[in-house]
Amino acid sequence: MQTMTAARTRDSLALMKPSRCVGVLLLTGTPMKNGKPCNIFPLLRAVKHPFGDNQKMFETFFCNGQQKQFGAGGRVVWDATGSSNLNHLNAHIANHVFHMTKEECLENLPPKTREFRKVPVNSRDEIKHVNAMNDLVSTTKDCMPCPFF
């Protein structure tokens, strides 16, 4: 749910809109701190936060939204890909966001184990693979300097 135009966002919001839906809990494994404010708007709309009521106002204030001209013809488009007033946004949505790090969530899991397994390959395919790798090495050796060759 990153943009209001995505089909998944439209379908999700349609499910959350009826008056029978009294609460929404959104879970994600994707860090939002690297995202842009425009990606947060659909989430605010879903949880019925007041900042989710008016997209144009949200984008103007928090996404540095403005009309811009592009190209030789001067085509005018709405650009809301920036960010502004992030401290204000954070102050108003902080109590709606529950943040946990991977270490806090997964503290009872055993350490990761890696397992390497040999896959049986017939000799003809093995020869093809070795030849392809040798061709790749010789091609890249000629194209660019590499300290490994």
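We're numbering straight along the sequence, starting at 1.
Closest approach of Pro37 to Gly82, counting heavy atoms only: CD-O, 3.8 Å. Taking each heavy atom of Gly52 and Arg45 in turn, the nearest pair found is O-NE, 2.8 Å.
With sequence neighbours left out, the ring pair (Phe, Tyr, Trp, His ring centres under 6.0 Å) criterion links His129 to no other residue. When the salt bridge (charged side-chain N to carboxylate O under 4.0 Å, His left out) test is applied to Arg117, the partners found at least two apart in sequence or on another chain are Glu115.
The environment of Met57 atom CE is sparse: at most 12 non-hydrogen atoms of other residues, nucleotides or ligands sit within 6.0 angstrom.
A distance of 7.0 Å separates CE of Met4 from OG1 of Thr9, quoted to the nearest 0.5 Å. Taken from CG in Asn85 to NE2 in His92, the straight-line distance is 10.5 Å, to the nearest 0.5 Å. The distance from the CD1 atom of Ile40 to the SG atom of Cys63 is 8.5 Å, given to the nearest 0.5 Å. Rounding to the nearest 0.5 Å places NZ of Lys36 at 13.0 Å from OG1 of Thr3.
Centroid-to-centroid, the aromatic rings of Phe51 and Phe62 come within less than 6.0 Å.
In this structure, the side chain of Asn90 does not engage the main chain of Leu86 through any donor-acceptor pair within 3.5 Å. Judged by distance alone, the side chain of Asp135 and the main-chain N or O of Val137 form no donor-acceptor pair under 3.5 Å. With hydrogens and angles ignored, the 3.5 Å screen pairs a side-chain donor or acceptor of Arg10 with a backbone N or O of Thr5.
A side-chain hydrogen bond (donor to acceptor under 3.5 Å, both in side chains) check over residues 46-65, counting only residues at least two apart or in different chains, returns the pairs Gln55-Glu59, Glu59-Trp78.
Side-chain contact check for Leu26 versus Val24: some heavy-atom pair is nearer than 4.5 Å. The shortest side-chain heavy-atom distance between Leu89 and Phe58 falls under the 4.5 Å cut-off.
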Side chain to side chain contact (heavy atoms under 4.5 Å, CB included) evaluation trace for Val77 with Gln67
CA-CA 6 Å; Val77 296; Gln67 299 282 348; 6.0 Å; no
